[in-house]
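Chain A is the first sequence line, chain B the second, and so forth, proteins listed ahead of strands; every chain is numbered from 1.
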There are 2 protein chains.
Amino acid sequence: MPFRIKIPRSTIDRLPLYYRCLNLIEEHGIEEISSQVLGVRVGVDPSVIRKDLAWFGELGKRGVGYNVTYLKEAIGRILGLDKEWPFILVGAGKLGMALAEHNRKYGRHFHLVGVFDRDPEKFGLMVGGQQVSPMEEMPAFVKEKDIKIAMLAVPAEEAQKVAHELVKCGIKGILSYAPITLSVPEDVLVYNADYNLDLQRLAYYLSNDGNISWGE
Amino acid sequence: MPFRIKIPRSTIDRLPLYYRCLNLIEEHGIEEISSQVLGVRVGVDPSVIRKDLAWFGELGKRGVGYNVTYLKEAIGRILGLDKEWPFILVGAGKLGMALAEHNRKYGRHFHLVGVFDRDPEKFGLMVGGQQVSPMEEMPAFVKEKDIKIAMLAVPAEEAQKVAHELVKCGIKGILSYAPITLSVPEDVLVYNADYNLDLQRLAYYLSNDGNISWGE
DNA sequence: TGGTTTTTGTTATAATTAAAACCAGAATAA
DNA sequence: TTATTCTGGTTTTAATTATAACAAAAACCA
């Protein structure tokens, strides 16, 4: 009787941080690492790290620590990085193009398989190793190749409409650079990559040092 | 006797979401909005919205709702968007250039005032309305103009070193596109804009639907 | 070998955050 | 005017998440 346990969202949010860090540590030829040392590297309390990892079994060895390569690969499998994820890009503007090129150079586990845009002037352009195709071809493409992930880099006005189209043809995860909150069904995940959100949060903390004051 | 209250981090994280949404709503000519309706638009429980806003005084009117323009401007002031924030970009690669151009077109409240790179081939290039300057000129520039925010778009190998330099000349907030966890003093804020983190989180949820299963 | 140190996995406690319930103004309509 | 309906602010309760404490392996050392 298989049973299922819900992993805390905050744990999942941290796994990529660990993964990224472990890759670097592995490249440096280090074989073992303690939660203590890893904690300093990723800026997370060691006991939080241990608890996060314990959700997925006994990944370390008491008295010793974690084997860097083993842990890295274990987290990779947990995240689903043992397979390659194809994804599409919608919106071949300057930002979209740069993201695609960047992915081509640095992307691991995720590879761009199609780029779509509405503007006929863009058709045929090479972006991230792919030719830009008209938006009309997107649904058939996504369905046929069973693609689950899309990057969205279109203007705000178009974003919601495009998101709707993406969902309709089976996309389940959207990384959106559009400056709006997308409305999607419950089983579709949206991550907001609009950097203005982060800049504004920065501005808050820089303005009033994390507090608000009033009174006399 | 002025006193200070700490606002929950989660509240601050949501304010930009509200702000972004209110701008859109305002453009549509809507003057009043209830926490209920706003909640649907931003995907947040109405009671959470009310509690978030209540930290900053009585921003709404019972039986009526919130005045869109008034609320938008109040949140703007809370976030510190009543002033313009100058920032610099370090790293004039493809990604950095695209971000700068994007900001030039869509950026509000944050304006790029300097671009720096180590590569002499980049010097003098126009990026986001600014000439690329050699990295050596950064410290004097930042100190003189009292700049607090930097965007970091350099390769992983350089990122930590650059972050250290930035901190040394007074930068207090970094929006980093580098795929590493930066180590900075406590009073410096770093936001991670490396989209691979989000892609990996997406991959997790798409892989196992938010759960992990094992057993017989 | 036995005791000491290290470090994990686990449990217990505390802090934070979200959700629900409820009260008090404000508008509306009979 | 008065009852009714809305809706924001406040308080209470519940859920989530982080921190601290500790017991169980593993290595190390005299």
Task: B:T181 side chain to A:R41 side chain, donor-acceptor N/O pair below 3.5 angstrom - done: no

Task: Modelled atom types, side-chain donor and acceptor of B:R108 and B:N103, under 3.5 Å - done: no

Open item on the list: Applying a 4.0 Å non-hydrogen cut-off, can you work out what B:Q36 is touching in the nucleic acid: base, sugar-phosphate, or nothing?
Closed with: nothing

Open item on the list: Measure CG/A:L38 against C1'/C:dT7 and give the value in whole Å, please.
Closed with: 14 Å

Task: Separation of atom CZ in A:R9 from atom P in C:dT17, rounded to whole Å - done: 15 Å

Task: Test item: A:D117 side-chain N/O and A:A92 main-chain N/O as donor-acceptor pair under 3.5 Å - done: yes

TODO: Could you tell me from which nucleotide to which nucleotide of DNA chain D, 5' to 3', there is an atom under 4.0 Å from chain B heavy atoms?
DONE: D:dC6 to D:dT11

TODO: Please state how far atom CH2 in B:W55 lies from atom P in C:dA18, giving the value in whole angstrom units.
DONE: 11 Å

Distances for protein N or O near nucleotides 24-27 of chain C N or O, under 3.5 Å:
residue : atom : partner : partner atom : Å
C:dA24  : O4'  : B:R62   : NH1          : 3.2
C:dA24  : N3   : B:R62   : NH1          : 3.4
C:dG25  : N2   : B:G63   : N            : 2.9
C:dA26  : O4'  : B:R62   : O            : 3.2

Task: 4.5 Å side-chain heavy-atom contact, A:F110 and A:E84 - done: no

Open item on the list: When both hydrogen-bonding distances must be under 3.5 Å and the geometry is Watson-Crick or G-U wobble, what is D:dA30 paired with, if anything?
Closed with: C:dT1

Task: Atom NZ of B:K83: over 12 foreign heavy atoms under 6.0 Å - done: yes

Task: Which residues share a side-chain hydrogen bond (donor to acceptor under 3.5 Å, both in side chains) with A:E101, sequence neighbours left out - done: none

Open item on the list: Just the rounded figure in Å: distance from P of C:dT7 to CG of A:N67.
Closed with: 15 Å

Open item on the list: Mind checking if B:L59 touches a base, just sugar-phosphate, or nothing, with heavy atoms under 4.0 Å?
Closed with: sugar-phosphate

Task: Residue pair B:I7 / B:D52, side-chain heavy-atom distance below 4.5 Å - done: no

- [ ] Specify the closest pair of heavy atoms between B:L89 and B:A153, including all atoms of both residues, with the distance to one decimal.
- [x] CD1-CB, 4.3 Å

